[in-house]
Protein chains: 2
Amino acid sequence: MEDKHEEKLNKAQERVIETLAKNMELYGITMSTGLLYGTMLFQDKAMTLDEMGEALGMSKTSMSTGVRTLMDLQMVDKIWKKGTRKDHYEVNLDWHQTFIDFFSLKWRAASEQNVHAMKKSRLELQSLLQNEELSEDLKARVERSITRIDNALAYYDWLSRFIDTMESHEIFELVPKDPVKK
Amino acid sequence: MEDKHEEKLNKAQERVIETLAKNMELYGITMSTGLLYGTMLFQDKAMTLDEMGEALGMSKTSMSTGVRTLMDLQMVDKIWKKGTRKDHYEVNLDWHQTFIDFFSLKWRAASEQNVHAMKKSRLELQSLLQNEELSEDLKARVERSITRIDNALAYYDWLSRFIDTMESHEIFELVPKDPVKK
DNA sequence: ATCTTTGTTCAGAAAAAACTTTACGTACTT
DNA sequence: AAGTACGTAAAGTTTTTTCTGAACAAAGAT
């Protein structure tokens, strides 16, 4: 009888875990790592690599790499347990912060690289324009490229300020954590 | 001589295209599709599938699937050209809108699925709690699971409102497209 | 100092994804 | 109506990613 209840609990947890994992896949986290995250989420204790491997039926090596991915994204934390030599991990329950960290990590890095490349190319094109002996056709194409780049740069400038408002938590003034009651 | 200039233009464009493509990979767009996007970005005309295949040295089938991905994300538009039977595509230059579309499409879908699963599981757990003959231990674990779910649901509620402010462009009041001059 | 325990690196196997070729359906042309 | 041009679906191949098991290095225990 007790088993029946136990099973219901597991069923309910597994539905959430699997849905979560499948959707994490959408933004670059592997299904297995997602399952790992979900499993830790419903665990009442911080887990060791061996426990994870046991729970998912996977190798400890995979747990090691999975948990590192989650650590890099600040989705789990390594915690101190005295008396044992094993590392223990638990999920970071501040999902708002997790979102912000994930977002700023990925998008900031990408946009900085893009901006760098665009500025460099823009300079080159600008100096190409100085050139007297440039055919009309080519000149037009260069100018057009510069326009395209400027358009993109304006967006990245916005994106950068957007990420700022998240990192500074200013975003919570526009979109409060607790919905304003009417 | 003219070729020299031509080459400089290409070099400058390719740097941007490749950086862009590499970073698009980070959020689920394949490198080739990213290259396709970048190529179209610097093209002065809407492109046909054949032109794309030509430009990237890839099969037309790949162009077809790539361009569809970009269409789904609203990153390119199919446009009408009279007099020809081929489809023509060009990039959507409103990057702010592209960002919003991408974001709301991907994140909204994911969070709706997660919320659905969580609410369903939450109900099951709640009804499990009604049960008299529940061991203390199991009861505590069920309650804990509900807490975890509620925590996540609060975040998804916030995320939903967050996406709303983007879709409604309200976000541009907090983070203006044009930086305010001091 | 030697022997364990623990996490990680590395090489190879298994699985998944991306790409191409062939084939097909639809719509336009003649 | 027959032929051609076009986009996409399906099947097959190649490339990439993920996962595992063995070997290793660091730290602790005896």
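Quick caveat: nothing in here was measured; it's all calculated off a predicted structure.
- dC19(C) atom C1' lies 14 Å from atom CG of L35(B), rounded to whole Å.
- For S32(B), the side-chain atoms get nearest to dC19(C) when compared with the rest of dG7(D), dC19(C), dT20(C).
- In terms of position on DNA chain C, the residue among T84(A) and T33(B) whose nearest nucleotide sits closer to the 5' end is T84(A).
- Here the C1' atom of nucleotide dG7(D) and the NZ atom of K81(B) are 19 Å apart, to the nearest Å.
- Remark: P of dT9(C) and CE of M63(A) are 16 Å apart, rounded to the nearest angstrom.
- In this entry the distance linking CE of M58(A) with P of dC19(D) reads 4 Å, nearest Å.
- The aromatic rings of Y27(A) and W107(B) lie parallel to each other, with less than 30° between the two planes, well short of the 60° mark.
- Rounded to whole Å, the distance from NE2 on H88(A) to C1' on dT5(C) is 13 Å.
- Taking side-chain N and O atoms only, S59(A) has a distance below 4.0 Å to OP1 or OP2 of dT20(D).
- For K86(B), counting side-chain heavy atoms from C-beta on, the closest listed nucleotide (dG7(D), dC19(D), dG7(C)) is dG7(D).
- L56(A) places its CG atom 15 Å from the C1' atom of dT18(D), with the value rounded to the nearest Å.
- Classification of the F172(A)-H169(A) ring pair by plane angle, with boundaries at 30° and 60°, yields perpendicular.
- Atom pair I29(B):CD1 and dC19(C):C1' shows a separation of 18 Å (rounding to whole Å applied).
- S160(B) contributes no side-chain N or O that, together with a main-chain N or O of D157(B), makes up a donor-acceptor pair within less than 3.5 Å.
- Side-chain proximity of S64(A) to dG7(D), dT20(C), dT8(C): nearest is dT8(C).
- If you check dT4(D), dT22(C), dG7(C) against the side chain of R85(B), the one that comes closest is dT4(D).
- What separates CZ of R68(A) from P of dC19(D) is a distance of 14 Å, to the nearest Å.
- We find that K81(A) and D87(A) are not joined by a salt bridge, their nearest charged nitrogen and carboxylate oxygen being 4.0 Å or further apart.
- Comparing dA9(D), dT20(D), dT6(C) by their nearest atom to the side chain of T61(B) picks out dA9(D).
- The aromatic rings of W95(B) and Y156(A) lie perpendicular to each other, with more than 60° between the two planes, well past the 30° mark.
- Side-chain proximity of K60(A) to the nucleotides dC19(D), dA29(D), dT8(C) is greatest for dT8(C).
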